[in-house]
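This report refers to the structure that appears directly beneath it.
Atoms considered below: every heavy atom in the structure, side chains included; atoms not considered: hydrogens, waters and symmetry mates. Throughout, a chain's letter reflects where its sequence line sits, starting with A, and its residues are numbered from 1. Just so it is clear, the model here is predicted, and its values are computed rather than measured.
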Amino acid sequence: MNDSSLVANAAGFRAQLIDWYDQSARDLPWRSQPSLYKTVVSEFMLQQTQVKTVLPYFHNWLQVFPSFEALASASEEAVVKQWEGLGYYSRARNLHKLARIISDLDSIPTDAKSWLALPGIGPYAAAAVCSIVFSDPSAVVDGNVVRILSRLVADRSEYKTTTDAAKTHQSLATALLNHARPGDHNQAMMELGATVCQNQKPQCLLCPVQSICQAKAQGIETKIPRFNKTKAVKQTVERAWIVSPKGVLLYRIPQTASRMKGLHEMPSLEVLNLKTPKTSPLIVRKRSITKYRITERFHQISPEKAFNGDLPDHFLWANTDSIASLTFTGPHRKWITELIDIVSEKQQGSNTHANSAPDTKNSLNFRGSSNP
DNA sequence: AAGACGGGGCG
DNA sequence: CGCCCAGTCTT
């Protein structure tokens, strides 16, 4: 890869970039009155998650956990609950661990190498936090920076993952770093990638370094960087909508599970040991989990079919009160609302024919019947 | 080195 | 419906 001319002109690159950033930086909440805590929280939330998605979560988080100490004092359950819907829940657990470590520390390390040892802190986050908060001269290489650097030098290599590409470009990023303002330089790189040097439709006319971009010169900017694409895997999950006078039947993912431990969802027919009904499902919904494209079909099932005797471990009946306090996987909280509406509408119709089935909404509103 | 890990937004 | 997004941890 020929990056020698870019490195030779590093001073010019830094100046163009930082001038553009001073002019164009978005007004983001973690940038106003910055602190170590706000920076760390934002960096955790922004991993694999877009700014627009993070914004409301960041705001609410600061209200509930305004400091490392407040976060350290909270239970893990409360922390995960506050993270509900953001995904990658290990981020929340690691942020919680980090808060407890930081709170106990006599002096907080200020260099990326030391931060690398902390939970949830990888090469990217260590450089980001330490450069932004402590002016540590560490260059970040995230997906944005990979895209910018790949294009600047017209790197046609095909990469397996962003991590692989990041390793390749780390030395160039380091060579370009602005040591007078490392934090702003790093944020400027990511800002440029997010708002100008975009993946699909790069806004080259707005780019402060368009004149030195080799990919642009060759007209191949949209073809770089190259990643070998992983194909999606399709799955179907059959689930049960079971309502009794005690509420709706939910499943709590065991602590022994590899992912989403302790989170709640509507039980699959598989964990209930039930066969898929011939009748059509109440609703069918789709979601994506990393490479998986999952179709979830919700079947209405009478409570007698679920269990003969006592409720086994990991199952619970939830009414509208307890549902509010539980943490759900993905969109299951939203889907419960949809199912309640659909089933209650059906019963409205059948109730006009003078037969009286138990009403779903009344069952779920039953106070005092709660989970074991 | 490869796989796993969530969810929402967008064209 | 396919692709994208301020990565890290585990195996």
Q. Checking only heavy atoms, does the side chain of A:T329 share a donor-acceptor pair with the base of B:dG6 at less than 3.5 Å?
A. no
A:L55 atom CG is separated from B:dG7 atom C1', nearest whole Å, by 16 Å
A:F328 CZ to B:dG7 P, in whole Å, measures 13 Å
Min and max contacting nt of DNA chain C in 5' to 3' order, chain A heavy atoms within under 4.0 angstrom, are C:dC1 to C:dC9
5'-most contact on DNA chain B (nearest-nucleotide basis), A:K160 vs A:G87, goes to A:K160
Whole-Å distance, A:R287 CZ to B:dC5 C1', equals 12 Å
task = Classify the nucleic acid contact of A:R31 as base, sugar-phosphate or nothing, counting any heavy atom under 4.0 Å across all strands shown.
result = base
Rounded to whole Å, the OH-C1' distance (A:Y159 to B:dA2) equals 18 Å
Review point. If you look at every strand shown and take non-hydrogen atoms under 4.0 Å, does A:L86 touch a base, only sugar-phosphate, or nothing?
Key: base
Notebook entry, point to check: Angle class for the A:F134/A:W115 ring planes (parallel below 30°, perpendicular above 60°, tilted otherwise)?
Noted result: tilted
With distance as the sole criterion, is a donor-acceptor pair present between the side chains of A:Q218 and A:R156 under 3.5 Å? yes
task: Remember a base hit wins even if backbone is also touched, and classify A:A125 as base, sugar-phosphate or nothing at under 4.0 Å, heavy atoms.
output: sugar-phosphate
is_close_aromatic(A:Y57, A:W61), centroid dist under 6.0 Å: no
Here the distance between atom P of B:dA4 and atom NZ of A:K261, to the nearest Å, is 16 Å
- Item | Aromatic plane relationship, A:Y251 with A:F315 - under 30° parallel, 30 to 60° tilted, over 60° perpendicular | tilted
Separation of B:dG3 atom P from A:Y292 atom OH, nearest Å, is 10 Å
For a quick check of understanding: with a heavy-atom distance under 4.0 Å over all strands, which category does A:T163 fall into, base, sugar-phosphate or nothing?
base
(request) Verify the contact: side-chain N or O of A:K201 to OP1 or OP2 of B:dG11, cut-off strictly under 4.0 Å; return yes or no. (result) no
Atom OH of A:Y88 and atom P of B:dG8 are separated, to the nearest Å, by 13 Å
Q: Please indicate whether A:E338 has more than 12 foreign heavy atoms, meaning atoms of other residues, nucleotides or ligands, lying under 6.0 Å from its CD.
A: yes
Exercise. Taking the six-membered ring for Trp, are A:Y159 and A:F227 parallel (under 30°), tilted (30 to 60°) or perpendicular (over 60°)?
Worked result: tilted
Atom CD of A:Q50 and atom P of B:dG6 are separated, to the nearest Å, by 18 Å
A:A154 and A:A215 have their tightest heavy-atom pair at CB-N, 3.9 Å
